[in-house]
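Worksheet: one structure, shown below.
Residue numbering restarts at 1 for every chain, and letters A, B, ... go by the order of the sequence lines. The structure presented is a predicted model; accordingly, all values stated were derived computationally and were not measured.
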2 protein chains.
Amino acid sequence: MAKRSDGGERPPGMADVARVAGVSAQTVSRVLSDHPNVQDKTRAKVLAAVDQLGYRRNNAARMLSSGRSRTIGVVTLQTDFYSRAAVTSGIENAARAAGYAVSTATTASLDTFAIGSALSRLADQGVDGVILSVPLIHSSERIEQLTRSTPTVAIDGSRTDATEVVAIDQTLAARLATRHLLDLGHDTVWHIAGPGQWLEAASRRDGWRASLEAAGRAVPPPLEGDWSPASGYRSGLVLARIPDATAVFVASDEMAFGVIRALRETGRRVPEDISVVGTDDIELAEYCSPPLTTVAQPFAQMGALAVAHLLRHLADPGALPEPASVEPRLVVRASTAPPSRSSSVPRQ
Amino acid sequence: MAKRSDGGERPPGMADVARVAGVSAQTVSRVLSDHPNVQDKTRAKVLAAVDQLGYRRNNAARMLSSGRSRTIGVVTLQTDFYSRAAVTSGIENAARAAGYAVSTATTASLDTFAIGSALSRLADQGVDGVILSVPLIHSSERIEQLTRSTPTVAIDGSRTDATEVVAIDQTLAARLATRHLLDLGHDTVWHIAGPGQWLEAASRRDGWRASLEAAGRAVPPPLEGDWSPASGYRSGLVLARIPDATAVFVASDEMAFGVIRALRETGRRVPEDISVVGTDDIELAEYCSPPLTTVAQPFAQMGALAVAHLLRHLADPGALPEPASVEPRLVVRASTAPPSRSSSVPRQ
DNA sequence: GCAGAGAATGTTATCGATGCCAATAGTGCG
DNA sequence: CGCACTATTGGCATCGATAACATTCTCTGC
């Protein structure tokens, strides 16, 4: 039974509105749901009553009765990394525009259990659908079951049977970066990849390798970071000790910052001695020194696309799960330049 | 009426569990709510039935009946700025730990209408309480009413009657930064502030001014940015033209990146010619060149504190709204140094 | 051995909105 | 002028869980 604790001052219900407007509750419901079959005069009366009472539809009741909540859940990794925030932002905008609320469940780690529990928290809340914005490496019976019972769209790098996938073409991103460096005249391009479990990272690595192979260049062994600037810094220190490395494609701008710092500290100039291309185009990329050449990722757009897919799926559960992807774009700034043969020796 | 669309396969309800366990629905409810007055044997039977049926409590029904949703809403500004993401992160963690779900409503602008509509979206969703994580400058009747009817905790810089406030001591942050620079021997310290409407920005400005005055130094006119690196860059260009500016305290790391870039481009060295202190301690601050001296803000901690306050208030609506604040901390890196009298002339 | 406190469990009304179906009021057309 | 038909509107059961209250059972203490 509902709370009676407050001083008898209960917020108005549909029945109250109906009474004031002199119609039935059902009609009020129809007006509020934009049903076509309501006379303008009646609609006006109802709306006036709604306004007068300051009535707001009770979402809980609505949800219980209709079985839908007009809420979409987002499972996302809890980090400060730019990319996640940008995607979430895009999702929220698109959802709001479509009249959906957004409920977030963050997970601190990527293991099956953590993701599963984030999913079930959302399921318990009764979300209509879920956007999985984490790389789902291993699935589990529990996860499969949850994604089967709740419409789910996976962003970039989730592997489940019951989900549609929306992605940015990361292979293309890597190709753009690699080609740019080769076109500048570099013999080959090194790569600092993201963590192997992330599909995004793997795709970028593949795209980079493919580009080099297509151009008939040597493929240096890739280094691996964890997206953090600190890991970029560590990789940068390694790179600095390799005399003939003149160009590197880094899988995130944040790591690129670390790489550049490491290179400078060890006396390698950017871009004179070594060119660096990042990925993401975070806002600070332009204010790094030197300003970072990078591959911009349409994160917000992807978030919006994910919402669109989810809504389409909700509207018509039978629709075919056609995968979609959006394209990244190269942004050339000042961290890349043609190789200068003379100065490819580390000073350190 | 609930959806009948699916093939008659309705998820199990409490009644089903009750039937399987051979008890009443009420008892099931008690078991699930950890009521004390249930025999262990009964509890076990119920839990077994729950497990067997894969039963999950229906949140909508729960909410409708009990009047509470165990969900807290967060109103936040839609940006990629580090600080907002960090706060939200802290909120989510704390909320999850307390068994609360989090629903987010972002607003693109700070005007009364936008914030009001974010608040009402949350209210419509039936959140138990709200954390206002945006600077609320002007209130409105609508907002006052919403914050009165829904328990609200404001983070840093919201001005409403009906809200508790949790904040980081920004005055202290500014004092730490300013004192650090004065202690290094600078005659005075310039300031690049955040947007005037943000209480955070105003407090930092006040703290900075107070520190200078306390030390009997001249107070230069503050410049103002909008938190973005681009605005920092613009302010940096102005600063570069002021020959006797040897130290600057910037109200955010992101702006500080822009400032440093502008200074370097115009030939002023950091920190030799001019010292820069940022605010926030974003992850990239350490990888700026030079590594940025900054005032670290315990954002996540503040988010957690906000949740704690809100929950306390929910548990005991009568409790006094004691304001709380957490303390920032100075992190000295390499962007600050004693002034070198010789080189305080711009090269440009 | 019995009254009465208190634990354990069941009964019932209700929360607020919606869907289905019936009822009523108009409308067009033969 | 009346019938078939449609646009409006109301009645009622229902979603799933909870709170208040009732009831049954189990022990103490005297």
Consider the side chain of [X], meaning its heavy atoms from C-beta on, and name the nucleotide among [options] that approaches it most closely.
X: A/Ala61; options: C/dA7, D/dA17, C/dG16; result: C/dG16
X: B/Thr27; options: C/dG10, C/dA8, D/dA17; result: C/dG10
X: A/Ser65; options: D/dT18, C/dT9, D/dC15; result: D/dC15
X: B/Arg62; options: D/dA17, D/dA19, C/dA17; result: D/dA17
X: A/Thr42; options: C/dT9, C/dT18, D/dT9; result: D/dT9

Rounded to the nearest Å, what distance is computed from the [atom1] atom of residue [X] to the [atom2] atom of nucleotide [N]?
X: B/Asn37; N: D/dC21; atom1: CG; atom2: C1'; value: 15 Å
X: A/Leu53; N: C/dG16; atom1: CG; atom2: P; value: 14 Å
X: A/Asn59; N: C/dA17; atom1: CG; atom2: C1'; value: 11 Å
X: A/Gln39; N: C/dG26; atom1: CD; atom2: C1'; value: 9 Å
X: B/Met14; N: C/dT11; atom1: CE; atom2: P; value: 16 Å
X: A/Arg68; N: C/dG16; atom1: CZ; atom2: P; value: 21 Å
X: A/Lys45; N: D/dT9; atom1: NZ; atom2: C1'; value: 11 Å
X: B/Asp40; N: C/dA7; atom1: CG; atom2: C1'; value: 13 Å

Using a cut-off of 4.0 Å on non-hydrogen atoms, how would the nucleic acid contact of [X] be classed: base, sugar-phosphate, or nothing?
X: A/Val23; result: sugar-phosphate
X: A/Asn58; result: sugar-phosphate
X: A/Gln26; result: base

Quiz item: Does the side chain of B/Arg56 get closer than 4.0 angstrom to OP1 or OP2 of D/dG16 through an N or O atom?
Solution: no
Quiz item: Are any of B/Ser29's side-chain N or O atoms less than 4.0 Å away from OP1 or OP2 of D/dT18?
Solution: yes
Quiz item: Do B/Arg30 and C/dG10 have a side chain to base donor-acceptor pair shorter than 3.5 Å?
Solution: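 For B/Arg30, whose side chain was compared with the base of C/dG10, there is a donor-acceptor pair (under 3.5 Å).
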Any side-chain donor paired with an acceptor under 3.5 Å for [X] and [Y]?
X: B/Asn93; Y: B/Arg96; result: yes
X: B/Arg142; Y: B/Ser120; result: yes
X: B/Arg121; Y: B/Ser103; result: no

Once you round to the nearest 0.5 Å, how far does [atom1] of [X] lie from [atom2] of [Y]?
X: B/Leu119; Y: B/Leu132; atom1: CG; atom2: CG; answer: 5.0 Å
X: A/Ser83; Y: A/Ile155; atom1: OG; atom2: CD1; answer: 10.5 Å
X: A/Ile72; Y: A/Ile131; atom1: CD1; atom2: CD1; answer: 4.0 Å

Quiz prompt | B/Arg68 CZ: over 12 foreign heavy atoms closer than 6.0 Å | solution =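 No.
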Quiz item: Does A/Ser69 offer a backbone N or O that forms a donor-acceptor pair with the side chain of A/Thr71 under 3.5 Å?
Solution: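 Indeed, once roles are kept as given, a pair shorter than 3.5 Å links the two residues.
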Quiz prompt | 5′-ward residue of the pair B/His35/B/Ala60 relative to DNA chain D | solution = B/Ala60
Quiz prompt | Difference in axis direction between the ends of the helix from C/dG1-D/dC30 to C/dG30-D/dC1, five pairs, 10° | solution =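 It comes to 40° between the two terminal axes.
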